[in-house]
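Reading through the structure tokens given below for one structure.
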Amino acid sequence: MTPQNLYLVGMMAVGKTTIGRHLASRLGLKFHDTDQVIEQRAGADISWIFELEGEEGFRDREQQVIDELCARDGVVLATGGGAVLRKHNRARLRDRGTVLYLKGSVDLLVDRTEGDHRRPLLKVDNVRQRIETLIAEREPLYESAAHLLIDVDQRPPKAIAAEVLDRLHDEGLIPKGQVLS
């Protein structure tokens, strides 16, 4: 039995890519990150795409990548923080696999993004306030898309991945023997 696809949603800098890589490795699945795929195909970073095409243009690219990767089997996919803004993406993710909402505190996200100038939505004077606003807007969408909520605060990525695997096993979504050491 091959486990169904796993999709990670949550705010930027919460650890979706790092945790996703651990999960893919432990499950013997292929890992993808939507932002990395978009950058690779565009030959430019996310900030440049936002500048040139605006957020709407970026979201169009993101939706195309999500549609394509969700059509595959045996995938662990780390989505961008705003992927859940489109109803189409939320439905596609839920219909094609198990959606994990990685939830982090404002303090954690501020600590991880402080001084990071690559994130177009954080090019503001008050990063904390912007993160609080984004969480308020997006949290209901993350929750509506998710099958499982995982708190990531104060824990290393390997421990979080281990908890995810235990919970997936407990829910009957993966057989215990499927997990690699």
Side-chain angles (χ1 to χ4, degrees), residues 6-23 31-42 44-66 69 76-94 98-161 163-164 167:
L6 298 177
Y7 305 121
L8 287 74
V9 300
M11 284 293 294
M12 63 184 93
V14 78
K16 298 180 300 283
T17 299
T18 302
I19 294 164
R21 286 185 194 283
H22 284 297
L23 291 169
F31 175 77
H32 299 279
D33 178 294
T34 57
D35 286 351
Q36 290 173 359
V37 172
I38 292 166
E39 286 181 337
Q40 182 180 31
R41 289 181 181 177
D45 65 17
I46 302 296
S47 291
W48 184 85
I49 295 168
F50 261 73
E51 268 183 50
L52 198 65
E53 300 177 3
E55 185 171 358
E56 190 67 21
F58 172 77
R59 298 292 171 210
D60 290 342
R61 289 175 181 264
E62 181 177 59
Q63 181 174 321
Q64 180 182 14
V65 168
I66 287 171
L69 294 175
V76 175
L77 178 64
T79 64
V84 296
L85 294 172
R86 290 192 174 177
K87 183 177 181 179
H88 173 88
N89 291 344
R90 294 190 309 272
R92 187 79 163 139
L93 294 169
R94 274 194 69 85
T98 300
V99 181
L100 310 171
Y101 168 25
L102 303 184
K103 184 176 181 174
S105 68
V106 172
D107 288 339
L108 174 76
L109 301 176
V110 169
D111 286 346
R112 289 184 178 177
T113 59
E114 210 165 36
D116 184 347
H117 302 290
R118 298 171 301 128
R119 299 179 188 274
L121 294 178
L122 295 184
K123 291 184 177 179
V124 296
D125 290 333
N126 189 332
V127 171
R128 175 175 288 280
Q129 183 178 30
R130 180 66 173 145
I131 288 174
E132 289 171 348
T133 300
L134 289 170
I135 289 173
E137 292 170 355
R138 295 176 178 182
E139 189 162 49
L141 302 175
Y142 295 137
E143 290 174 352
S144 72
H147 295 96
L148 297 173
L149 184 146
I150 309 295
D151 182 7
V152 301
D153 279 5
Q154 307 301 320
R155 299 177 346 164
K158 283 186 179 180
I160 296 165
E163 177 194 338
V164 168
R167 290 185 61 190

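Listed for the Lys16 side chain is no donor-acceptor partner under 3.5 Å among the backbone atoms of Leu102. Thr34 places no side-chain N or O within 3.5 Å of a backbone atom of Glu62 that could act as its donor or acceptor partner. A distance-only check finds a donor-acceptor pair linking the side chain of Arg138 to the backbone of Gly81 [under 3.5 Å]. Put simply, the side chain of Asp153 gets close to the backbone of Ser105: a donor and an acceptor are under 3.5 Å apart. Proximity of a side-chain donor or acceptor of Tyr142 to a complementary backbone N or O of Gly10 within less than 3.5 Å is detected. Of the possible polar contacts, none joining the Arg94 side chain to the Val99 backbone as a donor-acceptor pair under 3.5 Å is found. Counting only distance, with no hydrogens or angles, the side chain of Glu39 and the backbone of Ile46 share a donor-acceptor pair below 3.5 Å.
Between Arg86 and Ile66, the closest side-chain pair of non-hydrogen atoms is not below 4.5 Å. Put simply, the side chain of Leu109 reaches to within 4.5 Å of the side chain of Ile135, judged on heavy atoms. Using a 4.5 Å heavy-atom threshold, the side chains of Arg41 and Arg61 count as separate.
To the nearest 0.5 Å, atom CG of residue Leu69 and atom OG1 of residue Thr79 are 11.0 Å apart. With rounding to the nearest 0.5 angstrom, the CG atom of Asp151 is 9.5 Å from the CG atom of Leu108. Atom CD1 of Ile131 and atom CG of Leu122 lie 5.0 Å apart (nearest 0.5 Å). In this structure, the separation between CG on Leu93 and CG on Leu77 is 7.0 Å, given to the nearest 0.5 Å. Within the model, atoms CG of Asp60 and CD of Glu55 stand 10.5 Å from one another, a figure rounded to the nearest 0.5 Å. To the nearest 0.5 Å, atoms CG (Leu8) and CG (Leu100) are separated by 5.0 Å.
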### Task
Please test Thr17 against Gln36 for side chain to side chain contact (heavy atoms under 4.5 Å, CB included), starting from the C-alpha separation and ending with a verdict.
CA-CA 10 Å; Thr17 299; Gln36 290 173 359; 4.1 Å; yes
### Message
Checking Glu114 against Val127 for the side chain to side chain contact (heavy atoms under 4.5 Å, CB included) test, could you report, in this order, the C-alpha distance in whole Å, the side-chain angles of both residues, the deciding distance, and whether it holds?
### Response
CA-CA 8 Å; Glu114 210 165 36; Val127 171; over 6 Å; no
### Task
For the pair Arg59 and Glu56, evaluate salt bridge (Lys or Arg N to Asp or Glu O under 4.0 Å) and give the outcome as yes or no after the intermediate values.
CA-CA 5 Å; Arg59 298 292 171 210; Glu56 190 67 21; over 6 Å; no
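The minimum heavy-atom distance between Val152 and Gly104, with the atom names listed, is CG2-CA, 3.8 Å. Residues Ile160 and Ile150 share a closest heavy-atom pair of CG2-CG2, 3.7 Å. Among all heavy-atom pairs drawn from Ala83 and Asn89, the shortest one is O-ND2, 3.0 Å. Here the closest non-hydrogen pair linking Phe58 and Ile38 is CE1-CD1, 3.7 Å. Minimum heavy-atom separation, Lys103 to Leu149: CD-CD1, 4.2 Å. Residues Leu121 and Met12 share a closest heavy-atom pair of CB-CE, 4.2 Å.
The side-chain contact (heavy atoms from CB on, under 4.5 Å) check on Asn126 picks up Arg128, Gln129, with sequence neighbours excluded.
Checking each of Glu143, His147, Glu139 against Tyr101 for a side-chain hydrogen bond (donor to acceptor under 3.5 Å, both in side chains) leaves exactly one that passes, namely Glu139.
By the 6.0 Å contact criterion, NZ on Lys123 is enclosed, its count of non-hydrogen atoms from other residues, nucleotides or ligands being greater than 12.
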